[in-house]
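A quick write-up on the structure given underneath.
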Amino acid sequence: MTPTLTADEMLVRSLVDQGIEHIFWHPGGVSFPYHRALSKCEEIALVLVRHELGACHMADGYARATGRPGVVMLTSGSGATNSITGVANAYMDSVPIIVICGRDIAGESVSAQLDETDMIGVSRPVVKHSYVVPTASDIPRIVREAIFVATSGRPGPVVIDLPRSAHESTEKFEYVMPEQVSLRGYRPAESGHAGQIKKALDALLKSARPVVFAGGGVIQGNASSELLTIAERLELPVATSLMGLGAVPGSNPLCLGMLGIHGSRVANNAIAHSDLVLALGTRLDSRAIDDPERFCPQARVIHVDIDPSSISKTIVADLPIVGPVKEVLTILNQLANDKPELQSKRHNTYNSWWKQIESWRQESSGEEQHNLTIDDSKQLHPSDVVQALYEETQGEAFITTDVGQHQIFVAQGYKFSTPRCWVTPGGLGTMGFGLPAALGVQFAVPHETVVCITGESSFLVNLQELSTCAQYDLPIKVFCFNNGTLGMVNQWNQIHGGEDGLLGYPESMPDFVQLVEAFGHHALRVSSHDELKEAVNLTFSEEYERKTVFVDVQVEPNVLVLPTQNSDFDTSVKDSVGI
Amino acid sequence: MKQLLAILFENEAGALARVLGLFAQRNVNIESLSVAPTEDMTMSRLTLLTVSDAQTIEQITKHLNRLVGVVKVVNLVHVEHVERELMLVKVCAEGDERQEIKRTCDIFRGQIVDVTTNTYTVQLVGPTAKLLGFLEAIGRAHILEVVRSGTCGITRGAKALSAGPKGA
């Protein structure tokens with residue numbers, strides 16, 4: 001017999017039936033009945049946050065680390081609007097989160113209410129889809145649809161607004177969870193066009209200087225192993241976007257690292273000189289492409305993406321393929337299996353191309369090394385810290401960051417060995433993301449090492465979640481690059497001819513060690529190579545394995561993230577990629 | 001460049017706002033808009049007239065297709081189609097001018113749908129250029145009020161917009 005349930009029971013049951021195990025929440029008056037019902041539910045672990053934005057970033061980190069949807073529950077009004085930056089961040093980076101809010105707007109109540117805000121309207125430009133629940137009996141269908149929409153196609157955030165009128169009643173309804181989702185306006189591509197994929201393989205085999213450009217879609221679409229298969233089979237060099245780091249292991253010789261305005265010389269040179277670019281799951285945004293005219297002027301471009309609006313947006317694709325990267329690469333691998341010329345063990349077509357790439361790699365690695373300061377009398381360079389963390393964790397930690405110089409230093413220096421370990425706010429550039437995202441990741445993978453690498457300015461944006469961290473005993477490790485200045489903004493200021501040091505506030509910085517200790521965590525300050533080594537050893541020691549540790553790293557101020565292709569600031573790199 | 005989009009989408013609260021938001025976000029003005037349910041009351045049909053370059057409208061079209069509530073999008077300027085618009089004009093019509101206005105109305109195949117001692121309300125249907133031609137012929141001094149429905153467009157021939165696969 002179909003059970004009859006009240007609205008709040010209906011919501012809890014729907015979430016449990018859809019396999020939701022964690023909810024990041026902050027309760028309030030309007031959503032109270034749901035929260036009460038949820039707190040009685042044993043199947044779902046509730047994570048009470050300190051700020052709604054923290055909840056969104058936690059759900060975001062949780063979703064990136066696992067591919068499962070991150071669920072947030074909030075009340076109405078400011079409770080809902082506080083989450084907007086988090087929703088926008090998930091939208092820009094195509095992360096599946098579900099934000100469920102209370103709703104109490106005019107028209108549904110006789111009098112004007114506290115917390116009256118049109119969350120659906122406020123969030124409209126930054127959601128994949130949104131729902132207002134018409135009646136309680138619609139809840140199972142809407143929960144199911146919302147999760148399907150958020151996680152399929154190009155993933156993204158979905159908002160569900162629960163009107164007070166739907167959940168204040170004690171009336172019971174039949175609980176009917178639809179067996180499948182049927183949306184006539186939403187049918188994401190399930191595979192690529194076989195004819196186009198065959199053409200792509202032929203183009204790859206005919207090319208002399210191919211490069212694969214892997215974006216975040218390879219990670220989100222779980223296509224890493226298919227990518228590695230085709231790349232190894234054809235010996236294709238693979239460059240990645242910021243979001244694509246980890247698509248192939250960073251230490252794999254096929255991996256050229258990140259390209260773009262702060263990309264490696266070898267990746268940028270390879271793209272600039274290539275005759276064929278296979279772009280996978282990337283929107284080719286402005287950080288990847290400084291100047292579309294000079295990006296890959298001699299190359300044919302094959303662009304594979306599940307979202308047609310990403311194709312031919314900045315770089316016109318000669319061969320567009322709409323479809324999920326994983327399925328497209330599976331077909332490409334099958335077609336390659338059938339090619340007689342690929343039956344021999346090695347495919348040696350690109351020998352001279354690889355020789356050229358290796359020579360760029362030599363130059364590139366020399367450049368990267370100069371960032372590192374071996375001399376102990378000098379202040380620590382951010383790259384020193386990244387290198388120390390890489391050596392300690394062997395590229396296997398989950399790393400979250402905020403936005404700024406520290407983010408790029410990690411992207412350049414930390415060679416991620418697996419996908420989904422790199423959790424960074426790429427599209428929106430959200431300060432305050434790293435700490436709550438690390439909490440979300442740790443909930444998703446409780447036995448893995450989670451490190452938040454941040455800058456002092458970014459860390460201050462959402463530091464209240466240190467309290468959540470204490471409440472749930474999350475053993476995250478925070479390395480805060482403290483240079484007392486808005487490093488990346490300063491760098492841009494210098495590039496555009498502004499005065500140096502205008503955007504710092506070292507005198508008004510808090511004492512981070514005292515601050516973090518006030519939350520009950522272990523904190524230490526380091527400013528020399530020896531201290532750094534000691535701090536890394538202690539942070540990852542058995543004694544501190546299950547504890548939160550914060551390291552305030554005093555790094556050299558006024559360092560620049562190099563290479564950079566911006567303006568004429570670093571002409572050597574610009575010239576080298578200019579054709 | 002003139003663009004005329006025909007959009008089929010779910011007839012539900014908020015669906016139109018999502019469609020229009022995509023134009024507002026890109027600072028593209030909507031010249032006219034006509035929307036009502038189709039023979040299937042669960043679905044609305046919208047004809048939207050705008051002026052924009054080919055690249056912008058292509059990107060907007062791709063984003064329209066991304067919307068969960070949008071079932072089909074066709075840019076009618078790329079296919080043979082018929083356009084019609086309905087206009088109601090209240091004109092000042094007194095004394096000898098009443099005859100002249102009635103004649104002009106007949107020439108344009110308009111209908112007078114309301115009459116008072118000193119006004120006519122004229123209903124006119126046709127391509128937008130014809131409606132504008134009528135307004136010019138009547139003269140601005142006589143026009144009290146104009147209301148236009150916005151352009152409705154439909155493809156010629158047997159091909160029809162229906163809820164088939166998107167982008168087909």
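Just so you know, these numbers come straight off a predicted model, no measurement behind them. To find a chain, count down the sequence lines: A is the first, B the second, and so on, and within it residues start at 1.
Listed here is the closest heavy atom pair of A/Ser309 and B/Gln59: O-NE2, 2.8 Å. Pairing each heavy atom of B/Gly69 with each of A/His129, the nearest pair is N-CE1, 4.4 Å.
The backbone N or O of B/Gly14 sits nowhere less than 3.5 Å from a side-chain atom of A/Arg124 that would complete a donor-acceptor pair.
The side-chain heavy atoms of A/Arg184 and B/Glu10, taken from C-beta on, include a pair separated by under 4.5 Å. Contact annotation: the side chain of B/Lys62 never approaches that of A/Lys313 to less than 4.5 Å [non-hydrogen atoms, C-beta and beyond].
Atom NE2 of A/His193 is surrounded by 12 or fewer heavy atoms from other residues, nucleotides or ligands within 6.0 Å. Annotation: B/Arg18, atom CZ; neighbour count of heavy atoms from other residues, nucleotides and ligands within 6.0 Å is above 12.
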Which donor-acceptor pairs under 3.5 Å do side chains of residues 20-30 of chain B form with protein atoms, sequence neighbours excluded?
unit_1, atom_1, unit_2, atom_2, d
B/Arg26, NH1, B/Leu22, O, 2.9

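Heavy-atom pairs under 4.5 Å with chain A were tallied for B/Glu58, B/Met43, B/Glu12; the largest tally goes to B/Met43. In terms of non-hydrogen atom pairs under 4.5 Å with chain B, the most contact-rich of A/Ile120, A/Asp307, A/Ile311, A/Val149 is A/Asp307.
Heavy atoms closer than 4.5 Å to chain A are found in the side chain of B/Gln55, but not in its backbone. When heavy atoms are compared at a cutoff of 4.5 Å, A/Leu183 approaches chain B solely by way of its side chain, counted from C-beta outward.
For residues 82-100 of chain B, a heavy-atom distance under 4.5 Å to chain A picks out no residue at all.
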